[in-house]
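Scroll down for the structure; my scribbles are underneath it.
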Amino acid sequence: MEKSSLRRADLVFSVFLIFGSFFYFLESLKLFVNPFRRTWEAVPAEAVKDTLTFWYKSPALLPFLVSILLLLCALVLMHIARKEGAKLDFIKKEKIAAFLRNAEFRAFIITALLLCVYAFALIPLCRSYLNVFRGFRGFPFFVATFLYLFAMMMAFGDKQKRHLLKSLLVSLLASGFVTYAFGTLAKIPLP
Amino acid sequence: MELLYLIEEFVKILLNPGVLIVLFAATALGTIIGALPGLTATMGIALLTGLTYKVPVAYTFAILMGIYVGGIYGGSISAILLNIPGTASAAATAIEGNLFAKRGKAPLAIKVTRSASIVGTLIGVLALALIAPQLSRIALQFSAVEYFLLAVFGVLMCGSIVTSDLTIKGWIGGLIGLAISFIGYDVISGAPRFDFGNINLSGGISLIPAMIGFYAIPEVIKALSLVKSGAAPALSEEAATKKLAAAKEKDPNSWLITLKHIPLILRSALIGVGIGALPGVGEDVAAWIGYDNAKKSSKHKETWGTGECYEAIIAPEVSNNAAIGGATIPLLTLAVPGSPPAAVLLGAFMIHNIRPGPMIMVDSPRFIFYIAALILAAVIALWVVGMLLAKPMSSILKIPSVYLMPIIAVLSIVGAYALNLKRFDILVVVAFGIIGYILDKMKYSAAPIVLGIILGTMIDENFRRALIVNKGDPSFFFTNSWISVVFVLIIAVVILKQLLPERIAAKANFKGLYGFIAAAVKKKG
Amino acid sequence: MKMSKSIALLVIMLLAVTAVFATGAKEIAYPERDISAIVPFGQGGGTDVWGRKVMEAMAKELGVAITVTNVTGGSAGSIGISQVWTSPHDGYVLAATSETPLTIPVTTPITQTSKDWDYFIAAGSPGLLCVNAKVAAARGIDTLDKLAAYGKKSELKIAGTTGGLWFALASLVSDKNYGNWPFTWVSYGGSGPAILATVGGIDADLVVASAGEVKDYIRSGQLIPLAHMDTAAYTFTAAAAPIAIPAITKAIPGIAKYLPLQQWLGFKVPADTPADVKAKLASAFKAAMAQPDMTQFAKDQIAVIFNKSGAEAKAMAQKSESNLCWILFDLGKTTYSPAERGIAKP
């Protein structure tokens with residue numbers, strides 16, 4: 001990232017951090033007053049008095065400190081970013097469009113999306129529908145992994161027949177190897 | 001005495017063919033991981049920690065130390081051949097190393113860096129075996145106060161040194177790490193914290209999945225986005241033919257070349273051990289400082305940048321490999337990792353029920369020597385492996401990211417899951433991977449965040465434990481022992497240095513420290 | 001786009017594969033594959049050591065491998081236990097346990113109590129109150145009587161894990177209605193670190209732990225056992241010379257009404273696991289406990305063998321549960337009251 005856009009990102013992130021630290025502070029406050037999360041009526045006055053006397057035992061002590069320090073750091077970051085000329089002026093249609101066309105951003109989105117699909121859809125789905133071999137319990141994982149690997153390789157490779165065949169072979173071998181080596185040889189339960 | 005223990009453990013390893021084979025294989029794998037751009041030693045250790053969880057403990061540490069030693073060395077191969085440092089620690093080596101390759105002298109440069117790596121690692125191991133037991137003897141007097149100060153020092157130092165942009169970003173990273181570490185049940189009071197009623201969160205964020213997420217997934221995304229934008233690295237035809245021609249020439253003996261530079265080696269090794277031992281500052285910084293120091297003190301400045309200067313490849317390689325031993329010293333004796341790979345190792349030790357820290361000489365008195373001996377054996381493995389892999393390496397390096405990176409993503413998920421068998425950990429890997437990538441783009445280093453997660457509970461628990469033992473009176477931070485006073489002073493200096501008006505916006509703070517250390521070393525030399 | 005085509009192709013392949021292999025599952029006698037056991041605490045602790053031993057012995061009886069995994073975290077091992085609960089209740093995932101996870105329903109949102117589990121209780125080790133030897137010498141508190149005299153007037157620091165059995169016992173000792181010794185409670189993440197801190201003697205002076213966990217430190221003279229946390233005296237025989245340890249009730253008779261609060265270790269399965277599976281597990285457990293080396297193992301671990309399963313074990317678990325949960329509730333250390341979880345008052 002070049003410096004001007006880096007400082008813009010810093011500015012946005014500092015705003016995010018300021019909100020985040022406020023949220024963390026409020027949560028810490030709740031934790032301080034009512035550490036065991038009873039219903040508010042059920043918090044005995046004696047317990048609150050105890051908390052105040054033995055403040056140093058409170059589980060909220062360090063979270064308080066961290067939230068305050070985080071807020072300070074976020075303010076400093078904001079100050080630096082603004083001093084170096086960052087403004088919130090980039091929320092414009094063409095700038096965002098250019099950002100979305102950026103090859104790296106697209107790679108990021110595809111990778112993240114496919115990874116999510118693999119972890120939260122493919123693996124659980126295969127686990128519940130494809131667990132058909134009693135002697136080969138890694139089979140659902142094998143199928144899920146093969147599909148994921150192949151999709152990734154197709155998404156990022158060129159669209160030629162040679163690459164397609166190669167990807168097919170590589171993903172088949174790789175998913176087979178991972179399933180066998182970890183699931184069968186090392187007896188690691190696969191996801 | 002210490003050396004005797006080291007030799008004894010070393011002989012034990014040599015007499016155990018199983019461990020030896022595993023160590024050789026791991027070192028080879030580590031070298032390949034280190035050499036492949038995008039796969040780092042840290043990531044290799046993080047992945048393997050999960051994947052080898054079920055392997056008997058005797059083999060686990062052999063695997064991890066092999067990966068560590070091999071990984072740090074492997075980076076130099078791709079740095080020389082492709083001008084892409086396979087690991088950040090090889091970036092300094094790439095400068096001159098690639099010039100060797102352009103001259104067609106890549107094999108010679110690889111051989112010289114190999115012997116430099118071996119010598120560097122060796123000196124690091126000696127330092128580890130000699131210093132660590134003494135340091136842990138001092139650390140035995142640690143109470144909650146010292147533990148607290150030590151952990152604060154670790155996060156603070158790491159935060160102020162590793163970031164490449166603003167120092168404040170290192171600190172923000174450390175604070176985020178601390179905030180994450182507070183999720184889950186509080187040990188002191190038994191109260192649930194920041195879990196929002198979610199049963200998965202109430203167990204806290206597990207370290208290894210978080211680490212795999214932070215180190216592996218962003219690399220996968222980065223490498224694949226290079227493929228997408230068409231900037232995938234490849235060996236050019238021209239370079240290949242040149243190399244072929246040069247291979248026919250007779251090269252001078254690489255060991256002779258290396259050993260001609262003994263004063264330089266000693267100096268670079270000292271830098272490596274010292275920088276390695278600083279919390280969170282890793283092999284990469286050590287390599288740069290080693291490189292810079294060698295350049296400044298060189299008697300043949302005119303040869304730098306010609307592709308004929310051995311000093312320029314020996315110094316960074318000695319430094320970054322010596323940093324392995326250096327980083328392991330505070331890791332084992334204080335439970336404060338000296339470098340990012342060491343931070344991952346700390347996680348690995350803990351899940352195998354070895355608690356590094358002052359009690360290690362009481363709990364497992366031989367463990368320090370065992371690890372030192374493993375590194376020593378890995379060096380020998382490195383020698384052999386380096387020779388065997390020299391030829392096939394250039395074809396291994398041609399594996400396109402498009403095939404390799406998806407497999408790395410799968411291994412990340414398997415590794416994170418294997419550890420605890422928790423589906424939630426898969427979510428942690430994916431979420432932290434995505435967050436880690438965004439943070440990386442904004443130039444936040446993962447090291448302080450991970451160190452914050454690791455040391456967060458140590459800071460939190462010991463701070464309150466110290467207050468409880470002293471009934472809420474904080475003055476004990478100055479009166480507890482001389483060790484705590486020293487810590488308080490160091491921490492104050494680090495903070496003040498950052499807060500001086502001009503320095504708030506200082507870009508590369510690390511330059512300050514680097515100049516300081518370089519000057520100090522020069523005075524001694 | 002080619003990509004969407006290839007994805008469509010993959011979906012079709014997936015469906016085809018499913019159709020080919022989706023044959024109906026046939027009932028086969030339990031166990032027909034490897035079993036996994038989850039230890040909700042770290043390696044080397046009592047639950048882990050006994051869990052692994054029992055599983056190893058049972059694997060021989062059942063003829064399949066039992067892989068043991070430590071899944072730590074949460075309060076009182078809640079993460080590991082809830083993982084077993086969310087797995088299929090088919091007898092292929094077992095939960096190694098001690099008495100500590102009984103406090104899960106009052107400290108976490110998890111609602112299952114001992115009614116929802118069936119227990120297999122192997123053994124337990126007596127609880128000992130120990131003092132750091134150097135502290136004992138410096139302050140003259142090397143016997144229970146001297147400690148009782150000393151403890152009432154000045155403060156001592158006692159290490160342990162918040163929640164669970166030893167916490168409940170130590171809290172009773174310092175509670176104003178019972179021992180009224182003004183201890184400062186210094187909390188650690190596990191009994192291992194707590195014992196080490198006491199051996200170090202800087203942050204803590206005393207610790208309550210099972211005899212199995214402190215035996216090496218007593219043997220090496222770093223810790224001195226002062227009291228047996230029960231109503232009868234106890235003789236520690238694992239040292240060079242036997243050590244007679246008086247009962248805690250000798251100094252604090254009032255505690256007796258909460259006793260026995262004893263440690264026990266074993267494993268549990270969800271109560272709605274099929275009856276034939278549970279019967280098979282029970283017979284394998286009995287046979288495992290009868291193996292000849294089990295006695296020696298128990299002796300090494302300074303443990304008493306309980307060997308209970310079925311109704312007998314459940315009754316024992318329920319009694320521990322009610323004692324522990326109500327003591328913690330009375331001390332204000334729970335999020336939920338035992339009453340709302342349907343745990344009877346002792």
Side-chain angles (χ1 to χ4, degrees), chain A residues 1 6 9-10 13 17 24 27 31 35-37 54-63 66-67 69-70 73-74 76-77 80 83-84 103-108 110-112 115-116 118-120 123-124 145 148-149 152-153 156-157 166-167 170-171 174-175 178 182 186-191, chain B residues 51-55 165-166 168-169 171-172 175-176 178-179 182 186 188-189 191-194 197 217 220-222 224-230 400-403 405-407 409-411 413-414 417-418 421 423 426-427 429-430 433-434 437 441-443 459-460 463-464 467-468 472 504-505:
Chain A
M1 218 185 288
L6 178 63
D10 287 343
F13 193 59
L17 276 179
Y24 208 70
E27 282 295 316
L31 183 66
F36 289 96
R37 277 199 231 125
F54 300 107
W55 56 272
Y56 50 84
K57 288 186 188 175
S58 169
L61 188 60
L62 263 289
V66 166
S67 66
L69 289 176
L70 198 57
C73 285
V76 173
L77 181 66
I80 295 172
K83 211 170 70 185
E84 298 192 8
E104 183 167 355
F105 179 74
R106 282 182 56 187
F108 164 62
I110 295 173
T111 321
L115 196 62
C116 287
Y118 173 57
F120 309 124
I123 291 182
T145 304
Y148 167 72
L149 286 179
M152 279 292 271
M153 287 169 194
F156 285 97
K166 222 167 149 188
S167 303
V170 171
S171 34
S175 46
V178 172
F182 296 115
K187 288 206 168 166
I188 293 175
L190 295 165
Chain B
L51 296 176
T52 60
Y53 182 52
K54 295 262 162 158
V55 174
D165 190 38
L166 306 165
I168 194 94
K169 290 190 176 176
W171 290 3
I172 289 175
L175 287 169
I176 292 175
L178 287 181
F182 295 152
D186 168 38
I188 303 259
S189 67
R193 293 198 284 188
F194 307 106
I217 303 294
V220 171
I221 299 175
K222 273 192 271 180
L224 288 177
S225 66
L226 282 182
V227 174
K228 199 82 185 160
S229 54
S401 311
V402 68
Y403 299 123
M405 287 301 162
I407 299 175
V410 168
L411 289 180
I413 286 183
V414 175
Y417 180 76
L421 310 184
R423 300 247 148 90
I426 298 179
L427 177 70
V429 173
V430 175
I434 293 172
Y437 173 76
K441 278 278 116 186
M442 293 195 292
K443 299 226 184 301
I459 291 178
D460 181 32
F463 183 58
R464 285 189 289 151
L467 282 169
I468 288 168
I504 291 178

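Computed from heavy atoms alone, side chains included, the values below leave out hydrogens, waters and symmetry copies. Per chain, numbering begins at 1; letters A, B, ... match sequence-line order.
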* Asked: Should B:Lys169 and A:Asp10 count as an ion pair when the cut-off is N to O under 4.0 Å?
  -> yes

* To do: Give the minimum heavy-atom separation between A:Glu104 and B:Tyr437, together with the two atoms involved.
  => OE2-OH, 2.7 Å

* Contacting moiety of A:Leu61, where chain B heavy atoms sit under 4.5 Å -> side chain

* **Interatomic spacing from CG in A:Leu31 to CZ in B:Phe194 - rounded to 0.5 Å** => 5.5 Å

* Can you tell me how far CG of A:Leu6 sits from CG of B:Leu166, rounded to the nearest 0.5 angstrom? -> 7.5 Å

* How long is the gap from CE on A:Met153 to CG on B:Leu224, to the nearest 0.5 Å? -> 10.0 Å

* To do: Can you see which heavy atom on B:Ile413 is nearest to which on A:Pro191, and at what distance?
  => CG2-CG, 4.4 Å

* To do: With sequence neighbours excluded, tell me which residues meet side-chain contact (heavy atoms from CB on, under 4.5 Å) with A:Ala174.
  => A:Leu149, B:Ile407

* Contact summary for A:Tyr24 and B:Ala179, nearest pair of heavy atoms -> OH-O, 2.8 Å

* To do: Walk me through it: do B:Val430 and A:Cys116 pass the test side-chain contact (heavy atoms from CB on, under 4.5 Å)?
  => CA-CA 7 Å; B:Val430 175; A:Cys116 287; 3.7 Å; yes

* Structure fact -> Cut-off 4.5 Å, heavy atoms of chain B, and the answer for A:Phe105 is neither

* Measure across B:Ile188 and A:Lys57 and return the closest heavy-atom pair with its distance rounded to 0.1 Å. => CG2-O, 4.4 Å

* **Heavy-atom closest contact (B:Ile176 atom, A:Phe13 atom, distance)** => CD1-CZ, 4.4 Å

* Could you tell me which portion of A:Phe108 (side chain, backbone, both or neither) has an atom closer than 4.5 angstrom to a non-hydrogen atom of chain B? => both

* **Most contacts with chain A, counted as non-hydrogen pairs under 4.5 angstrom, among B:Ile459, B:Ile426, B:Val410** => B:Val410

* Segment of B:Ile217 engaging chain A (4.5 angstrom heavy-atom cut-off) -> side chain

* Structure fact -> When every non-hydrogen atom of B:Gly472 is compared with those of A:Tyr56, the smallest separation belongs to CA-CD2, 3.2 Å

* Asked: Are any side-chain N or O atoms of B:Arg464 and backbone N or O atoms of A:Ser58, one a donor and one an acceptor, separated by less than 3.5 Å?
  -> yes

* Asked: With only heavy atoms counted, which part of B:Phe463 is less than 4.5 Å from chain A, the side chain, the backbone, both or neither?
  -> side chain

* Asked: Side chain, backbone, both or neither: which part of A:Leu70 has a heavy atom under 4.5 Å from chain B?
  -> both

* Asked: Which atoms of A:Phe54 come close to chain B, meaning under 4.5 Å heavy atom to heavy atom: side chain ones, backbone ones, both, or neither?
  -> neither

